[in-house]
Amino acid sequence: MYYVTAPVFCTRFKEPITRGDRFIVLDLSGVSFRDSAGLNVLLGAWRQAKASRAELVLACVSEPLRRILEMTRGGSASAGL
């Protein structure tokens, strides 16, 4: 996920929040590249879900992304890892 796909993701992520879904799973198996824009989008999605009382879980997280999320305090329980 990077700056080109970030706006598309943001738009699509708002759909389950707007519907009132309470459990959202993001499958990251197809994500091979992440830059700071992608990381910001994931952290923003987590904040949106939390504000809407939804639980966001990341599935198929690569080891490099897992380490980055943990370093930015977005890992483990706070991001559903």
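Between I68 and L39 there is a side-chain heavy-atom pair separated by less than 4.5 Å. No side-chain heavy atom of L28 sits less than 4.5 Å from a side-chain heavy atom of S62. Under the 4.5 Å side-chain criterion, counting only non-hydrogen atoms from C-beta, I17 is not in contact with R19.
Atom-to-atom distance recorded for E15:CD and I24:CD1 is 11.0 Å, nearest 0.5 angstrom. The line from CG of L56 to CG of L26 is 4.5 Å long, rounded to the nearest 0.5 Å.
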Steps toward side chain to side chain contact (heavy atoms under 4.5 Å, CB included) verdict (L65, L58) = CA-CA 11 Å; L65 178 57; L58 304 180; 5.6 Å; no

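The closest donor-acceptor contact from the side chain of D21 to the backbone of F23 lies at 3.5 Å or more, if one exists at all. Between the R22 side chain and the S52 main chain, a donor and an acceptor come within less than 3.5 Å of each other.
Between F9 and A45, the closest heavy-atom pair is CE2-CB, 4.0 Å.
With respect to E70 and R67, no salt bridge is recorded, no charged nitrogen being found less than 4.0 Å from a carboxylate O.
Among residue pairs with one or both ends in residues 42-54, none qualify as salt bridge (charged side-chain N to carboxylate O under 4.0 Å, His left out); sequence neighbours excluded.
For N40, the side chain to side chain contact (heavy atoms under 4.5 Å, CB included) criterion is met by no residue, not counting sequence neighbours.
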